[in-house]
Amino acid sequence: MTIASLIYSPLRARSVSGLAGKRFMSASAESIKNVCVVGAGQMGIGIGLVAARVAKLNVQFIDSSPVQLTKGLEFLDKLLVKDIAKGKYSEEVRSEVKGRITTASSIGQISSADFVIEAVSENVELKRKIFAELSETLPPETILATNTSSISITKIASAAKRPEN
């Protein structure tokens, strides 16, 4: 399992180090087709929207709360409608973006993921639990990333099955 930290945008600026950084940087953009975002709050929805709209990637949102998944998708749609009103995108683009998005309520339901971004609240134990489950569930070539802003990446990654990767 490769562990990397994302800062600002998953598709732009990256902060990576060590073996994980080398593996992350060697992964070609063409090899990433399916992105999973764990956490359907504002940050997670924004990350997924960029992946689906700008990079045209398939995105699966995972959130244990069906209410949060619904709220998150409503927020995503509001952002798309706002961009249509500004003339940035067409209704066709909105449909295409929404067609690239799926949801699930647990990590065990991840359908296919080349790149997983954890974007839950800044709770170290929750993030560690998620990384442990992701590392048990997904193949070792899946890239794991966190959107943490204040928690040690090493502390989060140490919960994974293979934290050195």
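Listed here is the closest heavy atom pair of Cys36 and Ala113: CB-CB, 4.0 Å. Considering all non-hydrogen atoms of both residues, Pro66 and Ser64 come closest at CD-O, 3.3 Å. Closest non-hydrogen pair, Val59 versus Ala51, comes out as CG2-CB, 3.8 Å. Residues Ile62 and Ile107 approach most closely at CG2-N, 3.9 Å, considering heavy atoms. Of all heavy-atom pairs spanning Ala104 and Leu69, the tightest one is O-CD1, 3.4 Å. Nearest heavy atoms, Phe61 versus Leu49: CZ-N, 4.4 Å.
In this structure, Leu76 is not a member of the same hydrophobic cluster as Val81, with clusters built from ILVMFWY side-chain heavy atoms closer than 4.5 Å. If you chain together hydrophobic residues whose side chains sit under 4.5 Å apart, Ile45 and Val93 fall into the same group.
Distance alone, capped at 3.5 Å, is enough to place a donor-acceptor pair between the Gln60 side chain and the Ser111 backbone. Using modelled atom types, one side-chain atom of Arg128 and one backbone atom of Lys155 make a donor-acceptor pair closer than 3.5 Å. At distances below 3.5 Å, not a single donor-acceptor pair connects side-chain atoms of Ser135 with backbone N or O atoms of Ala160. Proximity of a side-chain donor or acceptor of Gln68 to a complementary backbone N or O of Ser65 within less than 3.5 Å is not detected. Side-chain N or O atoms of Gln109 include one that pairs as donor or acceptor with a backbone N or O of Ser105 at under 3.5 Å.
For the pair Thr142/Asp114, no side-chain contact is recorded, criterion being any heavy-atom separation below 4.5 Å from C-beta on. Side-chain contact between Asp83 and Leu79: absent, with no pair of heavy atoms (C-beta onward) separated by less than 4.5 Å. Arg94 is listed as a side-chain neighbour of Asp77, based on a closest heavy-atom distance under 4.5 Å. Proximity of Lys82 to Lys78: side-chain heavy atoms (C-beta onward) are nowhere separated by under 4.5 Å. With contacts defined as side-chain heavy-atom distances shorter than 4.5 Å, the pair Thr146/Ile117 does not qualify. Lys88 has its side chain out of reach of Ile84: every pair of non-hydrogen atoms, C-beta onward, lies at least 4.5 Å apart. Thr137 places none of its side-chain heavy atoms less than 4.5 Å from the side chain of Ile110.
When only modelled atom types and interatomic distance are considered, Thr70 and Glu74 share no side-chain donor-acceptor pair under 3.5 Å. For Thr148 and Glu122, the side-chain atoms include at least one donor-acceptor pair closer than 3.5 Å.
Distance check: Ile151 CD1 to Glu125 CD gives 9.0 Å after rounding to the nearest 0.5 Å. In this structure, the separation between NZ on Lys71 and CD on Gln42 is 9.5 Å, given to the nearest 0.5 Å. With values rounded to the nearest 0.5 angstrom, Asn147 atom CG is found 4.0 Å from Ile47 atom CD1. Distance CG/Leu134 to NZ/Lys129: 11.5 Å, rounded to 0.5 Å.
The only member of Asn34, Ile32, Leu57 that meets side-chain contact (heavy atoms from CB on, under 4.5 Å) when paired with Phe115 is Ile32.
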Exercise for the section: Walk me through it: do Arg53 and Leu80 pass the test side chain to side chain contact (heavy atoms under 4.5 Å, CB included)? Expected result: CA-CA 9 Å; Arg53 182 177 59 193; Leu80 290 169; 4.2 Å; yes
Exercise for the section: Determine, stepwise, if the pair Val120 / Val38 fulfils side chain to side chain contact (heavy atoms under 4.5 Å, CB included). Expected result: CA-CA 7 Å; Val120 300; Val38 181; 4.2 Å; yes
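Annotation: Glu92, atom CD; neighbour count of heavy atoms from other residues, nucleotides and ligands within 6.0 Å does not exceed 12.
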